[in-house]
Amino acid sequence: MAMKISTPHGEKNESKGRMAMKRYWLVKSEPGAFSIMDLAAAPDQRTSWDGVRNYQARNFMRDDMRIGDEVLFYHSRTSPGVVGVARVVREAYPDHTAFDENDPHYDPGSDPATPRWYMVDIRLVRMFDHAVSLKTLRGIPELQAMTLLKKGNRLSVMPVREEEFSLIVDLATQTGQPT
DNA sequence: GCCAACGTTGGC
DNA sequence: GCCAACGTTGGC
């Protein structure tokens, strides 16, 4: 009997011996809570992306994020914009901060036997010399389909198209960037 | 600091 | 299952 392989998106990215397709993401953080400077200063320039308490964001991390995927690091609220790139270095595992009643993200509904919340680990790849501001992103026609730019969007972990990722990295590399 | 938009909760 | 109330996010 032949083994059937299916994934949430119907892609054969786990067939044996086949290279998995690399994906691109964007994660948000309020710099007051955890900034890209904090990531740069962390041991091994690495952190667990804990505290996500939104099911859609959790599903992206738990079901779709793979080691090697690249991640745009976005600062929200304070001078909002993309400030650098990170990489997924560990795939989803239970977010233990949900079990800690002293943690601000404690969730009494999540118990260790059946964890409700998951996190991945990311490592800094590069910090941009010049942030690509939200205002700049809004001015670029090719980026208008991004979830990030949708009105009222509050997702803190979201997929990004490869072309969007590349374009934003290119913008960060250009000089004379309006801020 | 304001407030619109959103996700979650809970009464019914 | 509906939906009003509530707490949170995040741009401005």
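Keep in mind that the numbers below use all heavy atoms, side chains included, and drop hydrogens, waters and symmetry copies. Residue numbering restarts at 1 for every chain, and letters A, B, ... go by the order of the sequence lines.
Heavy-atom distances to DNA chain B give each of Arg77(A) and Lys151(A) a nearest nucleotide, and the one nearer the 5′ end belongs to Arg77(A).
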ring-ring contact (aromatic ring centres under 6.0 Å, His included) between Trp117(A) and Tyr55(A): does it pass, once the steps are laid out? CA-CA 8 Å; Trp117(A) 304 112; Tyr55(A) 287 103; 4.7 Å; yes

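For the atom pair CD (Glu142(A)) and CG (Leu137(A)), the distance works out to 12.0 Å, reported to the nearest 0.5 Å.
Here dG11(C) presents its P atom at 13 Å from CE of Met146(A), a figure rounded to the nearest Å. Residue Arg116(A) contributes atom CZ, which lies 7 Å from atom P of dT9(B) at whole-angstrom precision. The CG-P distance, from Leu137(A) to dC12(C), rounds to 11 Å in whole Å. One can place CG of Asn54(A) at 15 Å from C1' of dT9(B), the figure rounded to the nearest angstrom. Distance Asn153(A) CG to dT8(C) C1': 14 Å, rounded to the nearest Å. Here the C1' atom of nucleotide dG10(C) and the NZ atom of Lys150(A) are 17 Å apart, to the nearest Å. In this structure, CG of Leu155(A) is placed 13 Å from C1' of dA5(B), rounded to the nearest angstrom. If you measure from atom CZ of Arg53(A) to atom C1' of dT9(B), you get 17 Å, rounded to the nearest angstrom.
Look at Lys28(A) and you'll find a side-chain N or O under 4.0 angstrom from OP1 or OP2 of dG10(C). An OP1 or OP2 oxygen of dT9(C) is reached within less than 4.0 angstrom by no side-chain nitrogen or oxygen of Tyr74(A).
Not less than 6.0 angstrom separates the ring centroid of Trp25(A) from the ring centroid of Phe73(A).
For the pair Arg58(A) and Phe60(A), the cation-pi criterion (under 6.0 Å, within 45° of the ring axis) is not fulfilled.
With dG10(C), dA5(B), dT8(B) as the candidates, the nucleotide lying closest to the side chain of Ser76(A) is dG10(C).
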